[in-house]
Amino acid sequence: MIWSKKHILDIASLSRDEISMILETASGLKEISERPIKKVPTLRGKTVVLFFMEPSTRTRISFDIAAKRLSADSISIAASSSSIIKGETLIDTARNIEAMRPDIIVIRHSSAGAPHLLAQNLSVSIVNAGDGMHAHPTQALLDMMTVKEIKKDFTNLKVAIIGDIAHSRVARSNIIGFSRMGANVTIAGPPTMIPAGIEALGTTIAKNVDEAIEDADVIMMLRIQKERQKSFLMPSEREYAVRFGLNRSRLQRIRSDALILHPGPINRGIEIAPEAADGPHSIILDQVTNGVALRMAVFYLLAGGIRNADSD
Ligand code: CP
């Protein structure tokens, strides 16, 4: 297969073969980060702009390290240091960045659709690093990579995604991604945090958290996205931890080979107990490690790799 996409905007626009190609490319690039000299010249002379209009630890640093490991030049811009705070529109700011001839712009934005808007209006490659409640494609891809390393195959894998589904771009991207690869995805959480019609993405809704995690091969816990909720949709965090968290009691009832994931940032003691976050089932830090390789693969395919056309 030859890579032909110009942008990575969401999981929905990636075929099963394209997802497999990204995961295989990432697996091949992963060992570079284990070398004493963690750098290859593959993207020397290429420029990547990291345009982050929302806070980020993992995603921004991961994209930055990924670019540097491939010898691309990377430049970071934050909302607070861009001319957007002086009244310039997103498109005008992006067009000015494009005029400096970067090869890829990675954007995180609080508004759903912002990366698609840039893709429609610019000719540079765009990578979505999270847009509002819509999509976080590289997070879902690194989650799939991390699960595949251990479980080998997605077919009929039982994936449970638990928590604030309504406000989670990670949940949407993972539901689409895992189900496209053949897994059975179940969700659970407070009824106020389960959006109407979510089943259309390729998931079923469990009666409660216990039903969702019973027999699950993969348990993905989500943070309550307070910054996106107009009002807190649970009486208290303590009640949330008891009714919906992966607490000590639930941890004792999961499968012995179940994997626990969390995209981060975690709220310890609320959606996930420390025993679950730090225990033997947890692959949370493996997700972060794989994030670098996954984003190296994205840069490689978009900017340097085996792309045959400016399609999409
Ligand atoms: N998973 C994730 O997007 O984390 P950050 O917000 O720290 O980038």
Side-chain angles (χ1 to χ4, degrees), residues 8-11 22-23 26 48-69 74-82 104-115 126-147 159 161-178 189 193 218-229 246 259-268 270-272 276-278 282-299:
I8 301 283
L9 298 177
D10 48 40
I11 293 289
I22 295 171
L23 301 189
V48 173
V49 173
L50 309 178
F51 188 20
F52 274 62
M53 308 296 290
E54 255 193 358
S56 168
T57 301
R58 282 146 288 268
T59 311
R60 194 188 61 73
I61 294 173
S62 179
F63 271 117
D64 199 4
I65 290 176
K68 289 180 166 69
R69 298 234 159 119
S74 69
I75 294 97
S76 290
I77 318 169
S80 56
S81 58
S82 81
I104 299 175
I105 297 177
V106 178
I107 179 166
R108 168 169 287 195
H109 202 283
S110 57
S111 295
I126 304 295
V127 177
N128 181 0
D131 62 327
M133 299 188 290
H134 172 235
H136 195 347
T138 59
Q139 178 69 47
L141 289 163
L142 73 88
D143 293 341
M144 287 188 269
M145 175 183 177
T146 311
V147 167
V159 178
I161 305 180
I162 313 293
D164 182 3
I165 309 292
H167 300 91
S168 175
R169 55 197 176 203
V170 173
R172 282 178 181 73
S173 293
N174 270 305
I175 291 168
I176 297 169
F178 275 101
M193 299 183 198
V218 174
I219 301 170
M220 183 180 297
M221 302 306 297
L222 301 174
R223 180 176 66 88
I224 307 170
Q225 313 258 317
K226 281 190 223 160
E227 71 276 22
R228 298 203 176 95
Q229 296 185 356
L246 187 53
L259 304 175
I260 297 173
L261 286 84
H262 194 307
I266 68 171
N267 288 149
R268 270 174 196 274
I270 303 175
E271 76 274 8
I272 188 164
D278 306 327
S282 173
I283 54 168
I284 294 172
L285 292 179
D286 300 296
Q287 291 173 262
V288 180
T289 300
N290 282 340
V292 173
L294 190 284
R295 287 161 180 137
M296 287 169 76
V298 165
F299 287 151

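Please read these numbers as outputs of a predicted model, since none were measured by experiment. Order of listing sets the numbers, starting from 1, for every ligand and every atom in it. Atom set for the values below is all heavy atoms of this structure, side chains included, hydrogens, waters and symmetry mates excluded.
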Checklist entry - Nearest protein heavy-atom contact for atom 6 (O) of ligand 1: which residue, which atom, what distance? => result Arg108 NH1, 2.9 Å
Checklist entry - What's the shortest distance from atom 4 (O) of ligand 1 to any protein heavy atom, and which residue and atom give it? => result Arg58 NE, 3.1 Å
Checklist outcome for this item: The closest protein heavy-atom partner of atom 2 (C) of ligand 1 is Thr59 OG1, 3.4 Å
Checklist entry - Taking atom types as modelled, is there a side-chain donor on Arg223 or His262 under 3.5 Å from an acceptor on the other? => result no
Item to check | Test item: Asn128 and Ile8 side chains (from C-beta on) under 4.5 Å apart, heavy atoms | outcome: no
Next on the checklist: Could you check whether any side-chain heavy atom of Ile165 comes within less than 4.5 Å of a side-chain heavy atom of Met193, counting everything from C-beta outward?
Outcome noted: no
Checklist entry - Below 4.5 Å, heavy atoms only, C-beta onward: do Val159 and Asn174 meet side chain to side chain? => result no
Next on the checklist: Is there a polar contact, in the sense of an N or O pair closer than 3.5 Å, between Pro265 and ligand 1?
Outcome noted: no
Item to check | Enumerated ligand 1 atoms positioned under 4.0 Å from heavy atoms of Gln139 | outcome: 1 (N), 2 (C)
Checklist entry - Would Val298 and Val106 count as a side chain to side chain contact (heavy atoms under 4.5 Å, CB included) if you check the C-alpha gap in whole Å, the side-chain angles of each, and the deciding distance to 0.1 Å? => result CA-CA 11 Å; Val298 165; Val106 178; over 6 Å; no
Checklist entry - Are Ile161 and Phe178 close enough that some pair of their side-chain heavy atoms sits under 4.5 Å apart? => result no
Checklist entry - Any side-chain heavy atom of Lys68 within less than 4.5 Å of one from Ser74? => result yes
Item to check | atom 7 (O) of ligand 1 - nearest protein heavy atom and its distance | outcome: Thr57 N, 2.8 Å
Next on the checklist: So is Gly264 touching ligand 1 or not, going by heavy atoms under 4.0 Å?
Outcome noted: yes
Checklist entry - Out of curiosity, is His136 lining ligand 1, as in a heavy atom under 4.0 Å away? => result yes
Checklist outcome for this item: protein heavy-atom neighbour closest to atom 1 (N) of ligand 1 works out as Pro263 O, 2.8 Å
